[in-house]
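All remarks here apply to the structure that follows.
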Amino acid sequence: MTHLAQLFTPMTIGRMRIQNRIMMPGMSAGMMLDGDAEATPEMIAYYIERARTRPGLMAIGASSVVPASAPRKMPLALDHDRHIPSLAKLVDAVHQYDTKFGIQLFDGGVQAGDRVQLSPSGVPAMAAAVLDARERPVIKTLSIGDIARVVLDFAAAAKRCQAAGFDFVEIHAGHGYLISAFLTPYFNRRTDRYGGGLENRWRFLVEILRAVKAAVGDKTAVGVKINGDDFLVKDGWTLPDSCALAPVLQAEGADYLSITAGVMGGTRLTVPPLYEKQGCFVELAEAVKKVVSIPVATIGRIKNPVMANDLVLQGKVDIVCMGRAMIADSEIVDKARRGEFDDIRLCLADCRGCIDQEMRSIKRGSPGQVSCVVNPRMQRESVCIDIEGASKDHPRKILVVGAGLAGLEAARRTAFSGHQVTLCESRNWIGGQIRFAAMIPGRREIGDMLPWYERQLAKHRVEVRLNTTADEAMLLKLAPDVVFVATGSVPQVPQNMLDSVARAEKINMLMIDDMLEQGTLPGNTILVIGGDQIGLQAADYLSEGDRRVYVAESHSHFAQKLAANDRWYLVGRTIEKNVRRFKDVRNIEIDTDETVYVVTDKGKEMLPGVDTIVFASERRSNRSLAEIAKAKGFETYIVGDASDVVSEDSGTIFSNIAQAYDVARRI
């Protein structure tokens, strides 16, 4: 037992005894389903890997209880008895381990991807529909009779889950889904007994809870997940509302409450990126806990088990949900139990691999590959079987050139297999562009992966050579069996600006990498060339200190390589700081007086007083060493930015780690 005594203290929920206070909360399983929205071997492998570390509770995410209006492949379906055998197979696999396994019951309402979306009053989703724009959904306002049928659907689904062997079910009444919409005045504009005052708006949820409890009795625990706050500008569900509802749910038989927050289109997101503080929704759960005696769980950017333990120790909550933390490191519970905190691969809250990939799949209307920025095995556990030391009896000599993320992952993974690995880096530090990314306001946590990589390299005995530039002589001297070229990319001046740059003498011209690495002080009025992930982050960085900043992006959207959740906050920050953004930019002109103009399809506009131009758009892969290595006959692989920095999904943390991992595991 570690010093995390509170976190690993057993407790009782209803008649269910759990061994610790860590919960892997319900997250979407839609990407691991077959054509009939049933569990696949990939889904079973995903849950087994996390169950074997024995969290107190685990749950499958939002699973649909209402029969679909048309055939669908996601989310997981609970609307017919034919699904029970598939669910039972999954439950039996998880129950090999000492953890309690549950499932969320929900209907997505207007937040779902169904062609017919259920609603209390016919009000559409606040944010852009997740369905393909070519096929708009039909929003069906529920009649009194419809409401009664949906209540029965929840009860029937709970009964099927009990038959499959689940230890608990959780009624999902948050995030703007159907039940949440009944609670929220913005969506619920009914004038009958299900609308108006608080008691009328929560009637639907109470009836569902009663029906579910009646269906499963005391043998299966029943939890309820509610928003602590919708975070809407007006007419939202608020924390005082939650504190009024919570005792009612306890009186109606809820065995625990899980407090979440947010609605799609609100002022804060349901899946918070790294711009939100760690534990961003704890205060909501803490307030609810004061008005009930049943256990209360919190969620929202809790990635450190020490923090989780403190929340329980301080009496703020009873259970801590660590969802994305368990995606990033499936062994986090065991590592916390053993006190191996430095060995935990922390979630970055980058959102690119998980929620962003999920939303893209929902738009397509079919399951797709959801993964994790720092854990490329996520949802491939059944096929990516990593065995430490698998090649130790026949090790190969590996040379990895470049210690950015792709190089670090290539070195780590090949050394993990038991190969003899040398990692060379021309700078006196590892991390490449991640060091620069961590300098951007609100993005310091991006650098959290670097200490982990340093420890993994030491653990697996990688020889790290800093201040070392690899060349032909080194290749011949080391004579490696395999060479990984992970030398990254460098920014460059767009071709159409070369003449203007050559003429300008008074305007300071800076490359983004050089500016960040050398700490160069820019001027007071700055034009950033490029508005994708690097350029827009650079604008956020440069706009600190009341500088005037312009951004010129050649495409029609900004920061497209960032996850939507991440991008939403970043764009908002630039708006708050009065960064002027131009999209669809065709050219930048600098006249003989060194006055700068931005040219779009709408015309030409002068940018007065520009004294600095920062180039943060086009990049060129740096792969010259690969040609030398290949010419000399070495088995050579190019990974990361050195391989591709141009295509749509290239140049991101997600793509660089995943590509390096996939190549390295085959060595």
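Here, residue 1 is the first one in the sequence, and each next residue gets the next number. These figures come from a predicted structure and were not determined experimentally.
- Side chains of Tyr47 and Ile60 form a contact here, defined as non-hydrogen atoms less than 4.5 Å apart.
- Residues Ile302 and Cys321 form no side-chain contact, since every pair of their non-hydrogen atoms from C-beta on lies 4.5 Å or further apart.
- Tyr661 contributes atom OH, which lies 8.0 Å from atom CG of Asn375 (distance to the nearest 0.5 angstrom).
- Side-chain atoms of Ser86 come within 3.5 Å of backbone N or O of Ala39 as a donor-acceptor pair.
- Looking at Asp532 and Arg619, no side-chain N of the basic residue comes within less than 4.0 Å of a carboxylate O on the acidic one, giving no salt bridge.
- Pairs engaging residues 482-506 under the salt bridge (charged side-chain N to carboxylate O under 4.0 Å, His left out) rule: none recorded [sequence neighbours left out].
- The line from CD1 of Ile529 to CD of Gln492 is 13.5 Å long, rounded to the nearest 0.5 Å.
- Within the 3.5 Å criterion, the main-chain N or O of Gly523 finds a donor-acceptor partner in the side chain of Thr612.
- For Lys397 (side chain) and Leu478 (main-chain N/O), a donor-acceptor pair under 3.5 Å exists by modelled atom type.
- For the pair Ile667 and Ser391, the tightest heavy-atom approach, listed with the atom from each and the gap, is O-OG, 4.3 Å.
- Here the side chain of Thr574 pairs no donor or acceptor atom with the backbone of Gly572 at under 3.5 angstrom.
- In this structure the side chain of Leu475 reaches within 4.5 angstrom of the side chain of Leu625, judged on heavy atoms.
- Sorted by first and then second residue, the salt bridge (charged side-chain N to carboxylate O under 4.0 Å, His left out) pairs involving residues 459-470 (not counting sequence neighbours) are Asp343-Lys459, Glu463-Arg465.
- Taking the side chain as every heavy atom from C-beta outward, Arg337 and Leu4 never approach each other to under 4.5 Å.
- Remark: the backbone N or O of Met497 is not paired with any side-chain donor or acceptor of Ser500 at under 3.5 angstrom.
- Arg623 contributes a side-chain N or O that, together with a main-chain N or O of Ala642, makes up a donor-acceptor pair within less than 3.5 Å.
- The aromatic rings of Tyr275 and Tyr569 lie parallel to each other, their planes meeting at an angle below 30°, with 60° marking the opposite boundary.
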Next item on the list: Applying salt bridge (Lys or Arg N to Asp or Glu O under 4.0 Å), run through Arg547 and Asp611 and close with a yes or a no.
Entry: CA-CA 11 Å; Arg547 298 186 186 93; Asp611 53 33; over 6 Å; no

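- When all heavy atoms of Gly418 and Pro395 are compared, the closest pair comes out as O-CB, 3.4 Å.
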Notebook entry, point to check: Taking it one step at a time, do Met58 and Met326 satisfy side-chain contact (heavy atoms from CB on, under 4.5 Å)?
Noted result: CA-CA 10 Å; Met58 297 176 64; Met326 292 189 68; 5.5 Å; no

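- Proximity of Cys347 to Met322: side-chain heavy atoms (C-beta onward) are nowhere separated by under 4.5 Å.
- Across every non-hydrogen atom of Glu276 and Cys280, the tightest pair is OE1-CB, 3.9 Å.
- Rounding to the nearest 0.5 Å places CG of Leu405 at 6.5 Å from CG of Asn656.
- In this structure, Lys561 NZ and Ser647 OG are separated by 6.5 Å, a value rounded to the nearest 0.5 Å.
- Closest of all the heavy-atom pairs between Pro272 and Cys351 is O-SG, 4.4 Å.
- Note that CG of Leu510 and CG of Leu516 are 10.0 Å apart. Values are rounded to the nearest 0.5 Å.
- The heavy-atom pair separating Ser489 from Asp513 by the smallest distance is O-OD2, 4.2 Å.
- Between Met24 and Thr99 the shortest side-chain heavy-atom distance does not fall below 4.5 Å.
- Residues passing the salt bridge (charged side-chain N to carboxylate O under 4.0 Å, His left out) test with Glu627: none are found, sequence neighbours excluded.
- Among pairs with a residue in residues 406-426, those fulfilling salt bridge (charged side-chain N to carboxylate O under 4.0 Å, His left out) read Asp386-Arg413, Glu409-Arg412, at least two apart in sequence or across chains.
- Ion pairing of Arg50 with Glu381 is present here, as a side-chain N (NZ or NE/NH1/NH2) and a carboxylate O approach within less than 4.0 Å.
- Scanning both residues, Ala658 and Pro376, for their nearest heavy atoms gives CA-CB, 3.9 Å.
- Put simply, the side chain of Thr53 never gets that close to the backbone of Glu331: no donor and acceptor are under 3.5 Å apart.
- Within 6.0 Å of CZ in Arg455 there are more than 12 heavy atoms belonging to other residues, nucleotides or ligands.
- Of the possible polar contacts, none joining the Lys303 side chain to the Arg324 backbone as a donor-acceptor pair under 3.5 Å is found.
- The side-chain heavy atoms of Asp471 and Thr469, taken from C-beta on, include no pair separated by under 4.5 Å.
- Atom CD of Gln96 has more than 12 heavy atoms from other residues, nucleotides or ligands within 6.0 Å.
- In this structure, the side chains of Val462 and Ile398 stay at 4.5 Å or more apart for every pair of heavy atoms.
- Although no hydrogens or angles enter the test, the distance criterion places a donor-acceptor pair under 3.5 Å between the side chain of Thr487 and the main chain of Asn622.
- We find the CG-CZ distance between Asp662 and Arg666 to be 6.0 Å, quoted to the nearest 0.5 Å.
- Every residue two or more places apart in sequence or in another chain was checked for a ring pair (Phe, Tyr, Trp, His ring centres under 6.0 Å) with Tyr453, and none qualifies.
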Check: Could you walk me through whether Val401 and Met474 pass the side-chain contact (heavy atoms from CB on, under 4.5 Å) check?
Finding: CA-CA 11 Å; Val401 183; Met474 172 178 279; over 6 Å; no

Note to self: Determine whether Phe484 and Thr414 satisfy the following criterion, side-chain contact (heavy atoms from CB on, under 4.5 Å), listing intermediate values before the conclusion.
What the structure shows: CA-CA 10 Å; Phe484 280 88; Thr414 50; 3.9 Å; yes

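- Comment: Arg443 engages Asp566 in a salt bridge, judged by a side-chain N to carboxylate O separation of less than 4.0 angstrom.
- By the ring pair (Phe, Tyr, Trp, His ring centres under 6.0 Å) test, Tyr541 is found to be paired with no residue, residues two or more places apart in sequence or in another chain being considered.
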Next item on the list: Could you give me the CA-CA distance, side-chain angles and deciding distance for Gln560 and Arg567, then say whether side-chain contact (heavy atoms from CB on, under 4.5 Å) is met?
Entry: CA-CA 8 Å; Gln560 282 300 286; Arg567 180 171 61 247; 3.8 Å; yes

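- With no hydrogens or angles considered, a side-chain donor-acceptor pair links Asp641 and Gln433 at under 3.5 Å.
- For the pair Arg581 and Phe558, the cation sits on the ring face: its NZ or CZ lies under 6.0 Å from the ring centre, inside 45° of the axis.
- A salt bridge links Glu544 to Lys577: one of the charged nitrogens lies within less than 4.0 Å of a carboxylate oxygen.
- A donor-acceptor pair under 3.5 Å is formed between the side chain of Gln659 and the backbone N or O of Gly640.
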